[in-house]
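Notes for the one structure printed next.
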Amino acid sequence: MLFSRYAAGFALCGTLCLTPLATVSAQDAGDAVQATEQQRRVDARSQDRIDQLDDATRDALQAYRAVVWETQQLTVYAEQLQELIDQQADELESLQAQIDELQITEREIMPLMLRMVDALERFIALDLPFLQEEREERVAALRDALGDPSVSVADRYQKVLEAYAKESDYGRGIGHERAEIDGRVHDLLRIGRVALYALSLDGSEVKRWNAQQDAWEPLPGHFAPTVRTGLRMSRETIAPELMLLPVQVPKAQAASAQPRAVSLSEDGADGDADPDTAEDTP
(Lines give C-alpha, C1' and ligand atoms only; values in the text may rest on other atoms or scores of the structure.)
Protein backbone atom coordinates (compact mmCIF):
# COMPACT_ATOMS: atom_id res chain seq x y z
CA MET A 1 0.00 0.00 0.00
CA LEU A 2 2.74 2.33 0.96
CA PHE A 3 4.57 1.41 -2.23
CA SER A 4 1.55 2.08 -4.34
CA ARG A 5 1.10 5.50 -2.84
CA TYR A 6 4.72 6.19 -3.31
CA ALA A 7 4.58 5.11 -6.98
CA ALA A 8 1.47 7.19 -7.60
CA GLY A 9 3.08 10.16 -6.02
CA PHE A 10 6.20 9.71 -8.07
CA ALA A 11 4.17 9.44 -11.27
CA LEU A 12 2.30 12.60 -10.40
CA CYS A 13 5.51 14.34 -9.61
CA GLY A 14 7.03 13.13 -12.89
CA THR A 15 4.07 14.39 -14.85
CA LEU A 16 4.19 17.76 -13.18
CA CYS A 17 7.92 18.00 -13.70
CA LEU A 18 7.90 16.97 -17.41
CA THR A 19 5.19 19.29 -18.62
CA PRO A 20 7.18 22.58 -18.23
CA LEU A 21 10.22 20.97 -19.86
CA ALA A 22 8.29 19.96 -22.97
CA THR A 23 6.84 23.45 -23.26
CA VAL A 24 10.26 25.04 -23.05
CA SER A 25 11.70 22.69 -25.69
CA ALA A 26 8.92 23.51 -28.22
CA GLN A 27 9.45 27.23 -27.75
CA ASP A 28 13.18 26.89 -28.24
CA ALA A 29 12.63 24.86 -31.39
CA GLY A 30 10.32 27.54 -32.78
CA ASP A 31 12.85 30.20 -32.01
CA ALA A 32 15.53 28.15 -33.65
CA VAL A 33 13.41 27.65 -36.77
CA GLN A 34 12.64 31.35 -36.91
CA ALA A 35 16.30 32.22 -36.44
CA THR A 36 17.23 29.76 -39.14
CA GLU A 37 14.66 31.25 -41.48
CA GLN A 38 15.94 34.74 -40.80
CA GLN A 39 19.49 33.60 -41.39
CA ARG A 40 18.41 31.95 -44.62
CA ARG A 41 16.82 35.17 -45.73
CA VAL A 42 19.94 37.11 -44.81
CA ASP A 43 22.05 34.58 -46.67
CA ALA A 44 19.74 34.81 -49.66
CA ARG A 45 19.99 38.58 -49.71
CA SER A 46 23.75 38.32 -49.39
CA GLN A 47 23.85 35.84 -52.24
CA ASP A 48 21.72 38.18 -54.36
CA ARG A 49 24.16 40.99 -53.67
CA ILE A 50 27.06 38.67 -54.50
CA ASP A 51 25.34 37.62 -57.74
CA GLN A 52 24.68 41.25 -58.62
CA LEU A 53 28.28 42.14 -57.92
CA ASP A 54 29.41 39.15 -59.94
CA ASP A 55 27.23 40.22 -62.89
CA ALA A 56 28.51 43.79 -62.62
CA THR A 57 32.08 42.52 -62.44
CA ARG A 58 31.50 40.29 -65.48
CA ASP A 59 29.96 43.19 -67.45
CA ALA A 60 32.82 45.46 -66.44
CA LEU A 61 35.32 42.82 -67.53
CA GLN A 62 33.63 42.41 -70.88
CA ALA A 63 33.52 46.17 -71.34
CA TYR A 64 37.18 46.38 -70.43
CA ARG A 65 38.09 43.68 -72.94
CA ALA A 66 36.03 45.46 -75.61
CA VAL A 67 37.80 48.74 -74.89
CA VAL A 68 41.19 47.03 -75.03
CA TRP A 69 40.32 45.41 -78.39
CA GLU A 70 39.03 48.69 -79.82
CA THR A 71 42.17 50.45 -78.59
CA GLN A 72 44.34 47.90 -80.35
CA GLN A 73 42.34 48.28 -83.56
CA LEU A 74 42.55 52.05 -83.38
CA THR A 75 46.28 51.84 -82.78
CA VAL A 76 46.77 49.70 -85.90
CA TYR A 77 44.47 52.00 -87.90
CA ALA A 78 46.39 55.06 -86.68
CA GLU A 79 49.65 53.46 -87.78
CA GLN A 80 48.21 52.77 -91.24
CA LEU A 81 46.92 56.32 -91.47
CA GLN A 82 50.31 57.64 -90.52
CA GLU A 83 51.88 55.61 -93.31
CA LEU A 84 49.35 57.02 -95.78
CA ILE A 85 49.98 60.53 -94.50
CA ASP A 86 53.72 60.06 -94.96
CA GLN A 87 53.19 58.74 -98.49
CA GLN A 88 50.87 61.61 -99.36
CA ALA A 89 53.39 64.07 -97.98
CA ASP A 90 56.03 62.55 -100.28
CA GLU A 91 53.60 62.74 -103.21
CA LEU A 92 52.84 66.36 -102.41
CA GLU A 93 56.52 67.17 -102.44
CA SER A 94 56.89 65.35 -105.76
CA LEU A 95 53.88 67.15 -107.22
CA GLN A 96 55.17 70.49 -106.06
CA ALA A 97 58.49 69.76 -107.72
CA GLN A 98 56.68 68.78 -110.91
CA ILE A 99 54.61 71.97 -110.77
CA ASP A 100 57.76 74.01 -110.45
CA GLU A 101 59.29 72.16 -113.39
CA LEU A 102 56.05 72.55 -115.35
CA GLN A 103 56.12 76.29 -114.92
CA ILE A 104 59.63 76.32 -116.34
CA THR A 105 58.54 73.96 -119.14
CA GLU A 106 55.58 76.18 -120.02
CA ARG A 107 57.86 79.16 -120.42
CA GLU A 108 60.09 77.12 -122.71
CA ILE A 109 57.47 75.19 -124.67
CA MET A 110 55.26 78.12 -125.68
CA PRO A 111 57.90 79.68 -127.94
CA LEU A 112 58.61 76.23 -129.35
CA MET A 113 54.95 75.68 -130.27
CA LEU A 114 54.76 79.10 -131.89
CA ARG A 115 57.80 78.28 -134.01
CA MET A 116 56.26 74.91 -134.93
CA VAL A 117 53.03 76.56 -136.09
CA ASP A 118 54.97 79.14 -138.09
CA ALA A 119 57.00 76.39 -139.73
CA LEU A 120 53.84 74.43 -140.51
CA GLU A 121 52.25 77.49 -142.11
CA ARG A 122 55.31 78.10 -144.29
CA PHE A 123 55.44 74.42 -145.25
CA ILE A 124 51.81 74.47 -146.39
CA ALA A 125 52.43 77.62 -148.45
CA LEU A 126 55.37 75.93 -150.22
CA ASP A 127 53.73 72.52 -150.58
CA LEU A 128 51.52 71.21 -153.36
CA PRO A 129 48.25 73.21 -153.47
CA PHE A 130 45.86 70.53 -152.24
CA LEU A 131 43.19 70.89 -149.55
CA GLN A 132 44.31 74.47 -149.14
CA GLU A 133 41.28 75.73 -147.25
CA GLU A 134 41.24 72.78 -144.84
CA ARG A 135 44.94 73.03 -144.05
CA GLU A 136 44.90 76.80 -143.61
CA GLU A 137 41.91 76.52 -141.27
CA ARG A 138 43.82 73.95 -139.23
CA VAL A 139 46.73 76.38 -138.81
CA ALA A 140 44.32 79.18 -137.85
CA ALA A 141 42.71 76.90 -135.26
CA LEU A 142 46.15 76.16 -133.81
CA ARG A 143 46.89 79.86 -133.44
CA ASP A 144 43.54 80.38 -131.70
CA ALA A 145 44.31 77.52 -129.30
CA LEU A 146 47.75 78.92 -128.49
CA GLY A 147 46.16 82.22 -127.58
CA ASP A 148 43.28 80.77 -125.58
CA PRO A 149 44.02 80.80 -121.82
CA SER A 150 41.32 78.18 -121.18
CA VAL A 151 43.30 75.60 -123.20
CA SER A 152 45.99 73.88 -121.18
CA VAL A 153 49.56 73.67 -122.38
CA ALA A 154 49.22 69.90 -122.79
CA ASP A 155 46.14 70.30 -125.01
CA ARG A 156 47.89 72.95 -127.09
CA TYR A 157 50.89 70.75 -127.62
CA GLN A 158 48.68 67.79 -128.50
CA LYS A 159 46.86 69.84 -131.13
CA VAL A 160 50.16 70.90 -132.68
CA LEU A 161 51.36 67.29 -132.82
CA GLU A 162 48.05 66.17 -134.34
CA ALA A 163 48.39 68.79 -137.06
CA TYR A 164 51.92 67.60 -137.84
CA ALA A 165 50.73 63.99 -137.91
CA LYS A 166 47.94 64.90 -140.32
CA GLU A 167 50.39 66.62 -142.66
CA SER A 168 52.67 63.59 -142.44
CA ASP A 169 49.79 61.30 -143.46
CA TYR A 170 49.29 63.27 -146.67
CA GLY A 171 52.70 62.12 -147.88
CA ARG A 172 51.92 58.42 -147.42
CA GLY A 173 48.79 58.01 -149.50
CA ILE A 174 46.80 59.22 -152.45
CA GLY A 175 43.94 61.65 -152.30
CA HIS A 176 41.40 63.45 -154.39
CA GLU A 177 39.34 66.61 -154.23
CA ARG A 178 37.44 68.95 -156.52
CA ALA A 179 38.70 72.49 -157.14
CA GLU A 180 38.39 75.32 -159.62
CA ILE A 181 41.35 76.03 -161.93
CA ASP A 182 41.26 78.95 -164.38
CA GLY A 183 37.50 79.24 -164.03
CA ARG A 184 36.81 75.53 -164.65
CA VAL A 185 36.08 72.77 -162.14
CA HIS A 186 38.64 69.96 -162.09
CA ASP A 187 39.15 66.74 -160.17
CA LEU A 188 42.53 66.78 -158.46
CA LEU A 189 44.56 63.60 -157.97
CA ARG A 190 47.31 63.77 -155.35
CA ILE A 191 49.99 61.09 -155.22
CA GLY A 192 51.56 61.54 -151.80
CA ARG A 193 53.61 64.68 -152.09
CA VAL A 194 55.23 63.51 -155.31
CA ALA A 195 52.79 64.96 -157.80
CA LEU A 196 49.43 66.66 -158.20
CA TYR A 197 47.27 66.24 -161.31
CA ALA A 198 44.05 67.87 -162.47
CA LEU A 199 41.43 66.51 -164.84
CA SER A 200 38.49 68.55 -166.08
CA LEU A 201 35.04 67.08 -165.50
CA ASP A 202 34.57 66.46 -169.22
CA GLY A 203 38.05 64.94 -169.53
CA SER A 204 39.18 67.43 -172.13
CA GLU A 205 41.93 68.95 -170.00
CA VAL A 206 44.62 67.21 -167.99
CA LYS A 207 47.20 69.22 -166.04
CA ARG A 208 50.06 68.82 -163.61
CA TRP A 209 51.27 71.16 -160.90
CA ASN A 210 54.73 72.52 -161.63
CA ALA A 211 56.29 73.31 -158.25
CA GLN A 212 59.24 75.14 -159.74
CA GLN A 213 57.03 77.46 -161.76
CA ASP A 214 54.34 77.50 -159.08
CA ALA A 215 51.66 77.03 -161.74
CA TRP A 216 49.57 74.44 -163.50
CA GLU A 217 50.89 73.17 -166.82
CA PRO A 218 48.98 71.15 -169.42
CA LEU A 219 49.75 67.53 -170.14
CA PRO A 220 49.11 65.55 -173.31
CA GLY A 221 45.56 64.26 -173.55
CA HIS A 222 46.59 60.59 -173.53
CA PHE A 223 47.30 60.96 -169.77
CA ALA A 224 43.61 61.69 -169.08
CA PRO A 225 42.53 58.00 -168.82
CA THR A 226 45.43 57.30 -166.46
CA VAL A 227 44.52 60.22 -164.21
CA ARG A 228 40.89 59.09 -164.25
CA THR A 229 42.02 55.61 -163.18
CA GLY A 230 44.01 57.14 -160.36
CA LEU A 231 40.94 59.08 -159.22
CA ARG A 232 38.92 55.87 -159.13
CA MET A 233 41.63 54.19 -157.05
CA SER A 234 41.66 57.16 -154.68
CA ARG A 235 37.90 56.81 -154.25
CA GLU A 236 38.47 53.05 -153.65
CA THR A 237 36.10 52.04 -156.41
CA ILE A 238 38.78 49.89 -158.07
CA ALA A 239 41.80 47.98 -156.81
CA PRO A 240 45.25 49.63 -156.88
CA GLU A 241 47.25 49.06 -160.03
CA LEU A 242 50.35 50.32 -161.81
CA MET A 243 50.14 53.67 -163.64
CA LEU A 244 52.50 55.67 -165.84
CA LEU A 245 52.41 59.42 -165.22
CA PRO A 246 54.98 62.20 -165.64
CA VAL A 247 56.69 63.16 -162.40
CA GLN A 248 58.84 66.23 -161.95
CA VAL A 249 62.27 65.73 -160.41
CA PRO A 250 64.83 68.29 -159.18
CA LYS A 251 67.36 69.53 -161.75
CA ALA A 252 70.27 68.07 -159.83
CA GLN A 253 68.73 64.59 -160.10
CA ALA A 254 67.37 64.83 -163.64
CA ALA A 255 70.68 63.91 -165.28
CA SER A 256 70.88 60.61 -163.38
CA ALA A 257 67.18 59.75 -163.58
CA GLN A 258 66.40 56.26 -164.87
CA PRO A 259 63.17 55.11 -166.55
CA ARG A 260 60.66 54.26 -163.82
CA ALA A 261 56.89 54.05 -163.51
CA VAL A 262 54.53 55.66 -161.06
CA SER A 263 53.22 52.88 -158.82
CA LEU A 264 50.01 53.33 -156.88
CA SER A 265 49.18 51.06 -153.97
CA GLU A 266 47.06 51.16 -150.85
CA ASP A 267 49.80 53.01 -148.95
CA GLY A 268 50.69 55.64 -151.53
CA ALA A 269 52.50 56.26 -154.80
CA ASP A 270 55.99 56.95 -155.99
CA GLY A 271 58.25 56.49 -158.98
CA ASP A 272 59.62 58.26 -162.07
CA ALA A 273 59.56 57.64 -165.78
CA ASP A 274 61.99 58.21 -168.65
CA PRO A 275 63.07 61.90 -168.63
CA ASP A 276 62.50 64.10 -171.66
CA THR A 277 64.08 67.23 -170.18
CA ALA A 278 66.34 68.12 -167.28
CA GLU A 279 63.32 68.78 -165.09
CA ASP A 280 60.64 66.33 -166.10
CA THR A 281 60.33 62.55 -166.28
CA PRO A 282 57.26 61.50 -168.26
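Keep in mind that this is a model prediction, so the values were computed, not measured.
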### Task
Dump the intermediate steps for salt bridge (charged side-chain N to carboxylate O under 4.0 Å, His left out) on Arg143 and Asp118, then the final yes or no.
CA-CA 9 Å; Arg143 294 195 180 278; Asp118 291 340; 2.5 Å; yes
### Query
Do Val151 and Met110 share a hydrophobic cluster, counting only Ile, Leu, Val, Met, Phe, Trp and Tyr and linking them when any side-chain heavy atoms are less than 4.5 Å apart?
no
### Task
Considering only NZ, NE, NH1 and NH2 on the basic side and carboxylate oxygens on the acidic side, decide whether Asp187 and Arg235 come within less than 4.0 Å.
yes
### Query
Going from CD on Glu217 to CG on Leu219, what distance comes out if it is rounded to the nearest 0.5 angstrom?
6.5 Å
### Message
Applying a strict under-4.5 Å side-chain criterion to I, L, V, M, F, W and Y, I'd like to know whether Val194 and Ile174 cluster together.
### Response
yes
### Message
With heavy-atom distances below 4.5 Å as the criterion, would you say the side chains of Arg135 and Gln132 are in contact?
### Response
yes
### Task
Verify the neighbour count for atom CD of Glu70: are there more than 12 heavy atoms of other residues, nucleotides or ligands below 6.0 Å?
no
#### Entry: Gap between atom CZ of Arg156 and atom CD1 of Ile109 - 0.5 Å precision
10.5 Å
### Task
Identify the heavy atoms of Ala198 and Trp216 that sit nearest to each other, and give their distance.
CB-CZ3, 3.7 Å
### Task
Start with the C-alpha gap between Glu167 and Ile124, add the side-chain angles, then the distance that decides, and say whether side chain to side chain contact (heavy atoms under 4.5 Å, CB included) holds.
CA-CA 9 Å; Glu167 288 293 330; Ile124 293 174; 3.7 Å; yes
### Message
Counting neighbours of CD on Glu37 that are heavy atoms of other residues, nucleotides or ligands and sit closer than 6.0 Å, is the number greater than 12?
### Response
yes
### Joint cluster assignment, Ile181 & Val227, ILVMFWY side-chain distance < 4.5 Å
no
### Query
Any side-chain heavy atom of Arg208 within less than 4.5 Å of one from Pro246?
yes
### Task
Not counting sequence neighbours, which residues clear ring pair (Phe, Tyr, Trp, His ring centres under 6.0 Å) with Phe130? List them please.
Tyr170
### Query
If you look at every heavy atom in Leu142 and Ala163, which pair is closest and at what distance?
CD1-CB, 3.6 Å
### Task
Taking the side chain as every heavy atom from C-beta outward, state whether Met113 and Val153 have any pair of such atoms under 4.5 Å apart.
yes
#### Entry: Backbone of Val67 reached by a side-chain donor or acceptor of Thr71 within 3.5 Å
yes
#### Entry: Pairwise side chain to side chain donor-acceptor pair (under 3.5 Å) hits with a residue in residues 90-99, at least two apart
Ser94-Gln98, Gln96-Asp100
#### Entry: Gln72: partners by side chain to side chain contact (heavy atoms under 4.5 Å, CB included), with sequence neighbours left out
Val68, Trp69
#### Entry: Cationic N near anionic O, under 4.0 Å, Glu162 to Lys166
no
### Task
State the CG-NE2 distance between Leu188 and His176, to the nearest 0.5 angstrom.
10.5 Å
### Task
Would you check if Leu244 and Phe223 make a side-chain contact, meaning some heavy-atom pair closer than 4.5 Å?
no
### Task
Would you name the heavy atoms of Val206 and Pro220 that are closest together and state the gap between them?
CG1-O, 3.2 Å
### Task
Check Pro225 against His222 and note the closest heavy-atom contact, atom names and distance.
CD-O, 3.4 Å
### Query
Taking C-beta and beyond as the side chain, do Arg178 and Leu201 meet within less than 4.5 Å on heavy atoms?
yes
### Salt bridge flag under 4.0 Å for residues Arg184 and Glu180
no
### Phe123-Leu114 co-clustered via ILVMFWY side chain contacts under 4.5 Å
no
### Task
Quick one: pull up CD in Glu83 and CD in Gln87 and give me the separation to the nearest 0.5 Å.
7.0 Å
#### Entry: Arg232 atom CZ: more than 12 heavy-atom contacts under 6.0 Å
no
### All side chain to side chain contact (heavy atoms under 4.5 Å, CB included) counterparts of Val42, not counting sequence neighbours
Arg45, Ser46
### Charged N-O contact under 4.0 Å between Asp127 and Arg122
no
### Message
Has Thr226 got a side-chain atom pairing as donor or acceptor with Met243's backbone, closer than 3.5 angstrom?
### Response
no
### Message
Just checking Glu236: does its CD atom have more than 12 heavy atoms from other residues, nucleotides or ligands closer to it than 6.0 angstrom?
### Response
no
### Query
Does Leu199 reach the side chain of Leu189, with side-chain heavy atoms less than 4.5 Å apart?
no
### Query
Looking only at heavy atoms, which two atoms of Pro149 and Gly147 are closest? And how far apart?
CD-O, 3.4 Å
### Results of side chain to side chain donor-acceptor pair (under 3.5 Å) for Glu177 - residues two or more places apart only
none
### Message
Between Leu245 and Ile191, is there a side-chain heavy-atom distance shorter than 4.5 Å?
### Response
yes
### Query
Does a sphere of radius 6.0 Å around NZ in Lys207 hold more than 12 heavy atoms from other residues, nucleotides or ligands, not counting ones at 6.0 Å or beyond?
yes
### Task
Please identify each residue that fulfils salt bridge (Lys or Arg N to Asp or Glu O under 4.0 Å) with Arg65, with sequence neighbours left out.
none
#### Entry: N/O donor-acceptor pair under 3.5 Å between Ser234 side chain and Gly230 backbone
no
### Query
Out of curiosity, Thr57 OG1 to Tyr64 OH, how far, rounded to the nearest 0.5 Å?
14.5 Å
### Query
For Asp182, does the CG atom sit with more than 12 other heavy atoms under 6.0 Å from it, leaving out its own atoms?
no
### Query
Can you find a pair of side-chain heavy atoms, one from Tyr164 and one from Leu120, that are under 4.5 Å apart?
yes
#### Entry: Ser168 OG to Arg193 CZ distance, which is reported to the nearest 0.5 Å
7.5 Å
